[in-house]
Structure formats: C-alpha cells, structure tokens
*Asks:* 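Questions regarding the structure given below will be posed in turn.
Throughout, a chain's letter reflects where its sequence line sits, starting with A, and its residues are numbered from 1. Every heavy atom of this structure was used, including side-chain atoms; hydrogens, water molecules and symmetry mates were not.
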Amino acid sequence: MAERRYNPAEIEPRWQALWEREHTWEVSNDISAEAEKSYVLEMLPYPSGEPHVGHLKNYALGDAIAHFHRRTGHRVLHPMGYDAFGLPAENNAIKTGVQPRVATDRSIAAYRHWFHRWGISIDWSRELATHEPRYYHWTQWIFLKFLERGLAYRKEAAVKWCPFDQTVLANEQVIDGRCERCGNLVELRQLEQWFFRITDYAQRLLDDLDTIDWPEHVKAMQRNWIGRSEGAEVTFRSEEVGIDYAVFTTRPDTLFGATFFVMAPEHPDVFKLAAGTEREADVHEYVNRALTESAEVRGDADKPKTGVPLGRTVTNPVNGEQLPMYVADYVLMEYGTGAVMGVPAHDQRDYEFATAFGLPIRPVVAPAGGDEPDIAEEAFTAHTDDERLINSGEFTGMDAVAGREAIVVWLERQGVGHASVNFRLRDWLISRQRYWGCPIPVIYCPRDGLVSVPEEDLPVELPEIEDYQPRGRSPLAAAEDWVRTTCPRCGREARRETDTMDTFVDSSWYYLRYCDPHNDSAPWDRRIVDYWMPVDTYIGGVEHAILHLMYSRFFVKALADMDLLGFQEPFKTLFTQGMILGADGNKMSSSKGNVVAPSEIVERFGADAARCYVLFMGPLDQDAAWSDTGVEGVYRFLARLWRLGDALAGQSKGGAVRQPVAPEGDALVLVRKANWAIDKVTSDVRGRFAFNTAIAAVMELVNEIYRHPEAELPARRFAVATAASLVFPFAPHLGTEVYEMVTGRRVWEEPWPDADEDMLQADTFELVCQVNGRVRDRVTAATGASREELEQLCLATQGVQTHVDGNEIAKVIVVPNKLVNVVVK
RNA sequence: GCGGCGGUGGUGGAACGGUAGACACGAUGGACUCAAAAUCCAUUGUCCUUCGGGACGUGUGGGUUCGAAUCCCACUCGCCGCACCA
C-alpha cells in the first residue's frame, strides 16, 4: 500500500470545484443585512499573457483578509475584473496581427483560470472587464456628466507626445521625460486635446489625505504631486507696450531684490514684446530652438542657463525700478503665470542666470545680527526664521516673515498684487490617438459644433478595424463608416470624435461598478454603492501611488458633487505591497532569466504552498527576493500539518472540536500553545497585515504538537483543528482539508476562534533576573507574585549573588510577571 | 535640492522601552534505509572557556533611562518618489 502523503494536486481542485458549485463566495446586495460589511479589493489586473508572481502575492494577500473578515462576522465583497483596454494589446496587434480584442479575451481567460486554480475566494457573479460595451457604456456616461459640469473640456496646449506610441500622454505618464509605457523620449507638441479639470479639486485632494488610512509615503507622494505653494501674485507693468504681467512668487519678501524679469519661451506675448526691437531675430531663433528641444534636455536642472533679452523692461511695483525682460527656457509656461521675477540673491536659478548675463545681484534678506550676507552662499541655502529684510525701502529691518506679510498687504492696497496659492498639479489630459480604448462620446457638427452623444445612443461602440498602425491620429479616423454620422441636434451630416480615452479613465470607477454590476439603466444604484463603499481594504502596487489613486479620488469627489455618491474618498485603507524580486535580487525580467512562473510553482508545490510562501517571505509592504528553498520550507510545514490531520482522521470520530476542560501535562502545553497562536494570529492579521509572523505562529503551534505526541487525544484534536483553522486564510485548501479530516466540518463556516484568556497565561513564568540591566539569572516564579516576593526570589539567585558581590544595592526595579533589575553602585 | 523610508547572524527576517536573533532557509552532526528520497532528532551570532560560565554584539558617535535595536541629537550609508515648480 502506497504511503499516504500530502497531495495538493488532489486536495485543491476538489475544494475549488465545491466552492464553485455552491457559489460559496458570492454575496448579495442585501443592504438591510445586519452584519457589518467589508469591501476587500485588490487592484484589477491588466490582462497580458498569464498572471505573474506579483499577482499571486496581491491576490493571496487580499484573499487572506477577505477570509479573515468573513470569519469574523462580516459580509465580504471580494470581486474581480480586468483593465482590458490599453496600449500593449494594441502594439501586440500591430506586431502579430492578432486583434486586441482576441488577445485580450484570451488573456482574461488565462487570468480567470489561474484565479480559480489559486483558490481565490472571488464573487464571480460580479466579474467585469472594462472593454465590454456594457461597462464602457457607463464610462462614456460619466464622461458626458463631466462634460455637462465643465469638468471635461478641450484646450490647445503644449502637451507631451510620445513619438513611438504616436499619442499624447498625461503628465503623470511621463517619467524622467520619457514615456511610461515604451521609455522613449517625449516631445512637446502644441495640440488641442481633451482634459479633465482635476485642478479644481487640488485643495480637496490635498486636505482629504488626512481623512484616510494610507501609508505615509503614498500620501507624501500625492502631496508632492499636488505641490501646493503659498505666496503672492505680483503685477509688473511694461510701460512700453502697456501690458501688465503677473508673476507668482513664494518669496514676496524678496521683491526689492528683483533685478530682471523672465518669460517662458511658450509665453504668448514673447514675440509681441520683441517685435520692433533690435532683439526680434534673436528672440525668434531662441524660442524656436527651445520649443523643439526634448523635454529631457530642456528639463535638465544642471544645464547652463540660457536666454535672450526681449529689449523691453517692466516696472518693479515696490520701487519703480525698470527691470530688463528676458526669455529663457528655465521658466516653465505650465507653472504659475509663465513669467517670473528674477531675484538672484535669493534663488539659485536666478543667481545662475544673473551670473551668466552679468546682471546685478542685490541681497534683501540677511541673517539677524549678521552683516552683509555672502551672496553666492545666500542664493543656495534654505532660509530660516531668524532673518530680517535689508535694502527694502520702508520694510527694511522687519523680520522676514513679518516683512513678507507686510509687503503682500501693501501690494493689495496698491492694487498691484495679492496673496495667492499655486499648485503643481495639471489638468488630466485624457485623449489618446489610439484604437484600443473607450471612444469619446462626442460628435462634431459643422453647424452645431461640439455635440454630446445623447444618453440613449450610448454606448458608442468601438468599431472593428483592420489597421491599428498609429499615424499621428487615431486609427479610428480611418473607419470612415463609423466616423460619419448625423448630428443629434440638427440631423445633418457630422463626424465622430476619433480619439479614445486614457485607460486610467476606465479604472477610475470600476470599484463602483462591482457594487451593482448588472445595472443596465444606470452606472449604479446609489443606495447599493453607498452601502458597500468606500473600499475598506485596497491592495496593490505602489507604482499606482499617483496615477490611479489620484484619478480615482478625483472621480469620487466629482461624482459626489453631482449627488451620485454619498462619500468623498474611495479607499479607506490602502496597503501597498512590495515587489517580488528574482532569486538574484533583481527585478524579474525575461532578459535576466530570473522570472518565476507561478504556474510552475503551483504545479510543483500546490497553490497553498505558493500563496503561503509569498505571504511568509517577509513584511508584505517590502520587496523580497524569491527563494526556491523557501517555498519548499513552507511546503514542508503544510505537509507536517496535513500529516497531523491525517493521523487524527483515523482515530477521531469527527464532530465539533472543543477545548478540553482542565487539561494537564502535555495536553495543557498544547492547549496553551493553541490559544497563544489564536491570539497571535488574530492580532497580526487584524490591522497590521503581519502575515509573515502570523504564519510563523502557526508553524510554532505545529512544531509544538510534534513535540508532544503523547498528549491526550482531545488536546491534540483541539490543537490540530486550531492550526487548520488559523492557517485557512493563507492556505485555504489545506486548512479546509485538515479541519474536515479532524472535525468533519467546513472551516469557512466556522467563526474565527477566540483565545481563552485563562489559557494565555501560565501559573508560573520565568523571572528574568538582571543586575544593572544585564541578565544574570533566571528563575521560575508564580504568576501574579508580589513585587516583594519577586525581589526576594531574584536576590536569592546564584547569578545575582555573584554579580552583586557584596556591593551596595541602590535600588531594585520590579516589572511584575517579567523581570527584576537590581541596581548596584 | 525637496519629500518619504530604511541599516539586526551565512541568508530572508522576529522583537508593547524589559531575556536581541521568533519562524524559515542554509550549514554541520546523528537516527531510519542495502542505498537514496522522504521523514525525524540535535547543534548553529562572534570570540574566550577549567564546559560552571564569561566578554562582545542591532551602520557610527553622543544623550535620556534602573534598562535602548526601539526614544532624542548629530553623522554616515542605502533605497524610493518628485525636481529649472519661481
């Protein structure tokens, strides 16, 4: 007879089939249910090929939380979907000729297969994909709502253009001047595009970060990206052309130190200003060169400062000085007003510019008590509170902070400026000149102009086309039959918008649709969404810290303003998981040959071992390198637990397992350890996502059971059933199997165990005896013994005697049930 | 430059201001076996040791404390995000 052994290949599919047959993980929209709700969500995957280990970690993590919440009495919503539109599928289509829809659907099938095979407890009745017309119908509907409210608009602007992908990109999708997708250098192009007015929400997006439980570094990144700065807007007048130019400055206290004035090359007035001056030709040449430079080259802070004079001057409002005007590419059109005052004594960039052009440098702020500051030094250092104004007219002598305020008040009174706040955040550019995305539901009529597609005509379906090759305009533009339509307003011939939406639009609201996925008359029923939302636990990679997470927050706020939602933030708690690196410590990539395929791991060790291992590797928010021997170790642990269950299956009569009454000896040790493990796993899982130590606690329990093979049967049954119950969120199949072998019951239907307080503490404990803070001995003491008793016990030990060695005892610190520290002079 | 995070054995990592190194990997020795696999047991921070134990140990230097990996200050190294943002 073959030896019985742990065989995940047999156990896992058996339970998966049962869960599927019984729809175990489905949850209804019964919003009057008494039990508390919990919405556990992992970021939806972009389906490409097959899932990788990062997905395994993501979903194993979320699944553990979903299981834990279910067993602690919550109604858990744990859905799944696919972020199905996007460039990779389209680029693949160009290369291989396989239609994006076909390749995407194929990949979705693979993801679906593996999520089942991993045993993730998903409510499959709510599955969705963003490329399905019944989903993007409502993406388009939301777009039209935004358009109605002025939150969607068209504007011509200098936008980032990727020459490889042949499309514009959002600021957030440009990393170090390169396209996030393909890594090519991005160019600037002056184009008319669709934007979402996210900047209207800058302040609220910033403020509400304080209301959500997110990792500090993610909040910091968002704050950074929003980039709020306080300062003043100040008007400089050009008398020659009779135009006022406002600048934004965070340092109104340095206004008297302005010695020149600079405009961005994109500033619309640059040519007008230079016209007729002897500098006109130089200006044209400089501006043209600046505009054709790549974003990377131009954005390099280390590049020497360049620029040309405009041949004009502006008046400094505080002292009437005439400041020469320049155009220089270190000034950005997209921030502030596209023009700055140059204060070389107190700004590094202005200092470099002034030095290069021989402009005067006049310090106006100096350390209190000090004399003339070192000019070069001053421009480069951060400023402190302890400074006063110098060379500043009537403000001279004031401290810098008070002076700043006084100058702003003066500016306001004179009508030449006011306090002002600036944000770094730009509006979200959402149009893309690509095929595989959600069509923008807008029609251009020669008579009526821009007309929305009427709601009843939604969705505007993406047509099938043959040629995906981008040519600087959307491939949809070539689908003449589709483009040509009639104006919904006047009925004349009109043309459809051919750009598609950024796929981040699709994923900015999917978590709302899960709540009410089959609604065909509205994107959702507000009562249902208000019941499930916000997402209680959201899990995903930190790479979405800005893009997806900022856009989703914006969506919720905008939709709440339209009374479509009753909350302000989509994700209450966020957990950002670390990456799984290759065994060599590098990011996994096929070129490095260090990619771990989850399919292979699952085949060799089973889904439970794979899931359990990725949760055991270390703190889940940290990166961790893959180790084959590490998975084997976890597999061994699961097999040990299985053998314990298998041994009991032969002996026990089944039935519910209870903690034995008044256990003694080995039995007591096991009962205590089991309760310790319950307490440990519960506190590690609840709130702090410390699954690595939770799993370690179950390992300890299992090790303890092996050390006490002679313990009485009820105690062993209790300990093994407890181990199975506790391991279930991390290794659901094995937990289920062992629990069933020991008790005949379904563990997922059992409430999460409660630790018995009485069993958490023993009658005796090991008293640590210290002399001057160093451990010198240990002795067994009764739990709850008095301070005096403990002190006596400690002083009597050999180790303490030796080290006190007749010296004077200054004092004795007693920590009850823990230690005694004898302080010796 | 600005913002955030971190530095603990051979490795991944544990550790409410209270026994540093849980758990796991690896290594060494042993049991079982004809042998191997699987499994089980023991040892495993460094150095010294008369084998009782002792000294030293959490990036570096200082401080607070009876007691510091943990709190404070300075430094240093590393990682991540943003960056000519006025």
*Asks:* Any non-hydrogen side-chain atom of A:V262 less than 4.5 Å from a side-chain atom of A:F260?
*Replies:* yes
*Asks:* Regarding A:K811, tell me which of base, sugar-phosphate or nothing describes its non-hydrogen contacts under 4.0 Å with the strands shown.
*Replies:* sugar-phosphate
*Asks:* Within 90° of 0 counts as syn, otherwise anti: where does B:G52 fall?
*Replies:* syn
*Asks:* With the sugar-phosphate defined as primed atoms, P, OP1 and OP2, and the base as all remaining atoms, what B/S/- string results for nucleotides 44-49 of chain B, 5' to 3', for protein heavy atoms under 4.0 Å?
*Replies:* ------
*Asks:* Out of B:C25, B:A55, B:A14, which nucleotide sits closest to the side chain of A:S627?
*Replies:*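 Within the option list, the nearest is B:C25.
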*Asks:* Given atom CZ of A:F605 and atom P of B:A38, what is their separation to the nearest angstrom?
*Replies:* 11 Å
*Asks:* Which of the following nucleotides, B:G4, B:C23, B:U19, is nearest to the side chain of A:M699?
*Replies:*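 Given the options B:G4, B:C23, B:U19, the side chain of A:M699 is closest to B:C23.
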*Asks:* If the condition is side-chain hydrogen bond (donor to acceptor under 3.5 Å, both in side chains), which residues does A:D608 pass it with, not counting sequence neighbours?
*Replies:* A:H733
*Asks:* Can you tell which of B:A14, B:C41, B:C82 lies closest to the side chain of A:R640?
*Replies:*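 The listed nucleotide nearest to A:R640's side chain is B:C41.
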*Asks:* Quick one: label A:N422 by what it contacts on the DNA or RNA (base, sugar-phosphate, nothing), any heavy atom closer than 4.0 Å.
*Replies:* nothing
*Asks:* What interatomic distance, in whole Å, is found between C1' of B:U11 and the corresponding atom of B:U49?
*Replies:*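 B:U49 and B:U11 have their C1' atoms separated by 29 Å.
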*Asks:* Using the ring of A:Y330 (Phe, Tyr or Trp, six-membered ring only), decide whether A:K305 places NZ or CZ under 6.0 Å from its centre and within 45 degrees of its axis.
*Replies:* yes
*Asks:* Closest-nucleotide mapping onto RNA chain B: is A:T249 or A:A220 further toward the 5' terminus? I mean the 5' end.
*Replies:*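 Here A:A220 is the residue nearer the 5' end.
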*Asks:* Contact class for A:G227 (heavy atom, under 4.0 Å): base, sugar-phosphate, or nothing?
*Replies:* nothing
*Asks:* A:R778 near the nucleic acid: base, sugar-phosphate alone, or nothing, with a heavy-atom cut-off under 4.0 Å?
*Replies:* base
*Asks:* Is the shortest heavy-atom distance from the side chain of A:F637 to the side chain of A:F616 under 4.5 Å?
*Replies:* no
*Asks:* Identify which nucleotide among B:A14, B:A86, B:C23 has an atom closest to any side-chain atom of A:E700, counting heavy atoms from C-beta outward.
*Replies:* B:C23
*Asks:* In whole angstrom, give the distance that lies between atom CD of A:E704 and atom P of B:A22.
*Replies:*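 About 15 Å, once rounded to whole Å.
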*Asks:* Dot-bracket for RNA chain B: what is it, with Watson-Crick or G-U pairs under 3.5 Å, [ ] where a pair crosses earlier ones, and | for a pair to another strand?
*Replies:* (((((((..(((.....[....)))((((((.......))))))((((....))))..(((((..]....))))))))))))....
*Asks:* Heavy atoms from C-beta onward define the side chain here; which of B:A86, B:G81, B:C85 lies closest to that of A:S229?
*Replies:*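 Looking only at side-chain atoms, A:S229 lies closest to B:A86.
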*Asks:* Using the P atoms only, state how far B:U60 lies from B:G54, rounded to an integer number of Å.
*Replies:*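 My reading of the P atoms in B:G54 and B:U60 gives 25 Å.
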